[in-house]
Participant: 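Below you'll find the structure I mean.
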There are 2 protein chains.
Amino acid sequence: MADIRDVAQRAGCSIATVSRALNSPQLVRPETLARVQAAAAELKFRPNALGRQLRGERTGLIGVMLPTLGNPVFADCLEGIEAAIDGTGRRLLLVTTQYDPERERNAIETLLQQRVDGLLLTLADAEHSALVDDLAAEGVACQLVYNDAPERPCVSVDNRAAAAQGVNMLIEAGHRDIVMVTGALHASDRAKRRYLGYGDAMQAAGLTPLPAFEIDFNSGARGERVREWLAQLERDGARPTALFCSNDLLALGVMRALREAGLRVPDDISVLGFDGLAVGELLSPTLATVVQPSVEIGRHAAQRLLAQIDGRVGAAGVTASHDPSLSHALILPHEIRRGGTVSAPPARQA
Amino acid sequence: MADIRDVAQRAGCSIATVSRALNSPQLVRPETLARVQAAAAELKFRPNALGRQLRGERTGLIGVMLPTLGNPVFADCLEGIEAAIDGTGRRLLLVTTQYDPERERNAIETLLQQRVDGLLLTLADAEHSALVDDLAAEGVACQLVYNDAPERPCVSVDNRAAAAQGVNMLIEAGHRDIVMVTGALHASDRAKRRYLGYGDAMQAAGLTPLPAFEIDFNSGARGERVREWLAQLERDGARPTALFCSNDLLALGVMRALREAGLRVPDDISVLGFDGLAVGELLSPTLATVVQPSVEIGRHAAQRLLAQIDGRVGAAGVTASHDPSLSHALILPHEIRRGGTVSAPPARQA
DNA sequence: TTGAAAGCGCTAACAC
DNA sequence: GTGTTAGCGCTTTCAA
């Protein structure tokens, strides 16, 4: 593969001139420029980004770490990230972690070894993660995505308030027996906050918050678990009238299990999700859910990261960005999407 | 940031020894090794991958180019790719093109400048793309994903046969008036082949294939377009009894428009999709569809790419891989998923 | 078992 | 405007 020296030779100039012709054409005499371009074209010269990156201050690479792309919420966010970097000449280095903290650690290290200019991360649990502190201490540009930790550089909705508002909608619809269904709480700070929000809403209405029903997300037998749980509730005569699912994907799975158990949504039981996946609107009944602006979350996070990167001085970065707001949370507005999966509770048969 | 020289100094050895200690510990005396490791740890040494990549033969980077992540089919595929490279120490450089051929060209160039070891691509139209030929000519390791071009290195289902089989299921259910709904045909070789398959099935049954109804995917007013079309059909008294949608996402959108137009699926009209998105099974009625194994497509494509990369000689690669099968299509089996969206056509009211 | 030294391809002073 | 040159951080002969 032709390198800059080959081009220089063919154009009859020095490699410095080739470099200039490519990067700052205005510094080069038009004829020279033309010769260089011709030579480059003839040789099919493809500049080696590694050489440039090794030499330069920045690589133009952004490291992105997400739990999974199996949940469209993350794919949507990634679309927002892409939209934000589009046209900036930057590229994305992508890793997924499957919610595994050890993979998180490795992935970040890998990205850093590639000398990414900055990191966009969704961590399992941001608040108790030493990782983020380490990164900050090292002066690595970084924004958390979806993680909702006020004191950290992150972009999210206010999960607690959003959940409370969603649950409140259920309460206003007449529900009193509301249970939250969630993936493993310890594996997601968002789920934890949403559970807090659930509690807030229940208590504000004078209702007793119930323990969350946790489903292992990685287990294949998810539907099975839900059915067993339902059967148990049925035996106890304790079937709630509404379920608040900590995310839409879970809600869809739960609705399926409900259907298989012969329960109708919303006639027998109401379901509320969280995320606002587009598919939710295509279902019938449409899925009621707490909408977070996933694409916008990604887009803002990326924009903030870029600002952070551009705000750094060349001087070996001791501290973080210039704009202090970038090191705190950006909370974007959520929205309640009313949908056909929520109705008034069935009439009590005392 | 500490570099290899700092570590060497601290460990009291040369940089060569440090390099060896890190990459081939067995070549280094245990005590030396320990000193190096200690020094590296104390200095929080993080090897710069760029240096190594610039020097070495491979970068360990895989370039992935997909049309969008908004369609879960591509996100699924990406999961398969990730699964395949997991543990190989390789990383993914990701770009999406929004089905734009110019972006395709740019994206590939960008990836190549980063000196990726190989490419995994979904092109808008693989058969008529000079791009792939250029890549092959340059000896770039490359596998197409989803593109279904027998003579090219790609992994897909047999879109034509799969579509025919799906349409045949509609015919067997009693449908004779079947229309295919698709995104812009020119923008996707897969859609084109599926339309051919539609034609095959229709003709085999002695039915006349109808023109496809093409919807611009990028237009926001998609639902609107579908409604207009339906209204037109209604006026003409030409409403088909079944729709074959070229992908599941489209099918969901179409079903929504149908619902809004007051038509019931499947009682008034049956709908068949293509892709086999997981959400399709969560709907009610469940979406009948032609299932392609998206995750497996991604996984196989990645595995083939890795084989191709590993099969190359160090010698400046003139030709492609050693295993000639890697430069032809790998066709994975599809599957028909019966679902609630397909039933017998409504009784004729002559 | 270790070290010295030559680059990988490029950019950016610094001279002319 | 253009050329010379010194690296960016690393791996890898080649010698010792």
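Keep in mind that the numbers below use all heavy atoms, side chains included, and drop hydrogens, waters and symmetry copies.
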Participant: Closest approach of A:E104 and A:T122, non-hydrogen atoms and distance?
Facilitator: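 Smallest interatomic distance, heavy atoms only, reads OE2-O, 4.2 Å.
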Participant: Examine distances only and state if a side-chain atom of B:E82 and a backbone atom of A:T96 form a donor-acceptor pair shorter than 3.5 Å.
Facilitator: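 At least one qualifying donor-acceptor pair exists.
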Participant: With DNA chain C as reference, determine whether B:I15 or A:A2 sits nearer its 5' end, using the nearest nucleotide of each.
Facilitator: B:I15
Participant: Can you tell me how far the CD1 atom of A:I81 sits from the CG atom of B:L69, to the nearest 0.5 Å?
Facilitator: 10.5 Å
Participant: Check the distance between D:dA6's P and A:L54's CG and give it to me in whole angstrom.
Facilitator: 18 Å
Participant: Rounded to whole angstroms, how far apart are CZ on A:F45 and C1' on C:dG9?
Facilitator: 8 Å
Participant: If you check the A:R20 side chain, which of D:dT12, D:dG3, C:dC10 turns out closest?
Facilitator: D:dG3
Participant: A:D3 CG to C:dG7 C1': how many Å, rounded?
Facilitator: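 One finds 12 Å between C1' of C:dG7 and CG of A:D3, rounded.
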Participant: Without decimals, in angstroms, what is the distance between A:R58 CZ and C:dA12 C1'?
Facilitator: 16 Å
Participant: Quick one: B:I4 CD1 to D:dC10 P, roughly how many Å, whole number?
Facilitator: 5 Å
Participant: Checking contacts here: which listed nucleotide (C:dG9, D:dG9, D:dT4) is nearest the side-chain heavy atoms of A:N48?
Facilitator: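 My answer, after comparing the listed nucleotides, is C:dG9.
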Participant: To the nearest 0.5 Å, what is the distance between CG on A:L121 and OG1 on A:T97?
Facilitator: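 Going from CG on A:L121 over to OG1 on A:T97, the span is 9.5 Å.
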Participant: Contacts to DNA chain D from residues 27-36 of chain A, heavy-atom cutoff under 4.0 Å, which residues?
Facilitator: A:L27, A:V28, A:R29, A:T32
Participant: Please round to the nearest 0.5 Å and tell me the distance separating atom CG of A:D117 and atom CG of A:L93.
Facilitator: 11.0 Å
Participant: Decide yes or no on side-chain hydrogen bond (donor to acceptor under 3.5 Å, both in side chains) for A:R304 and A:Q143, but give the supporting numbers first.
Facilitator: CA-CA 7 Å; A:R304 281 162 54 103; A:Q143 291 284 327; 3.0 Å; yes
Participant: Mind checking B:T17 for me? I need base, sugar-phosphate or nothing, with any heavy atom below 4.0 Å counting as a touch.
Facilitator: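 The residue B:T17 makes sugar-phosphate contact but no base contact.
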Participant: What integer distance in Å separates B:R52:CZ from C:dC8:C1'?
Facilitator: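 Taking atom C1' of C:dC8 as the reference, CZ of B:R52 is at 14 Å.
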Participant: Quickly work out the B:L50 CG to D:dG7 C1' distance and round it to whole Å.
Facilitator: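 Interatomic distance, CG of B:L50 to C1' of D:dG7: 15 Å.
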Participant: Measure CD/A:E57 against P/C:dA13 and give the value in whole Å, please.
Facilitator: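 For the pair A:E57 CD and C:dA13 P, the rounded distance is 11 Å.
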Participant: Map B:Q26 and B:R115 onto DNA chain C by nearest heavy atom, then report which one ends up closer to the 5' terminus.
Facilitator: B:Q26
Participant: Ignoring hydrogens and geometry, is there a side-chain-to-backbone donor-acceptor pair from A:D310 to A:A307 under 3.5 Å?
Facilitator: no
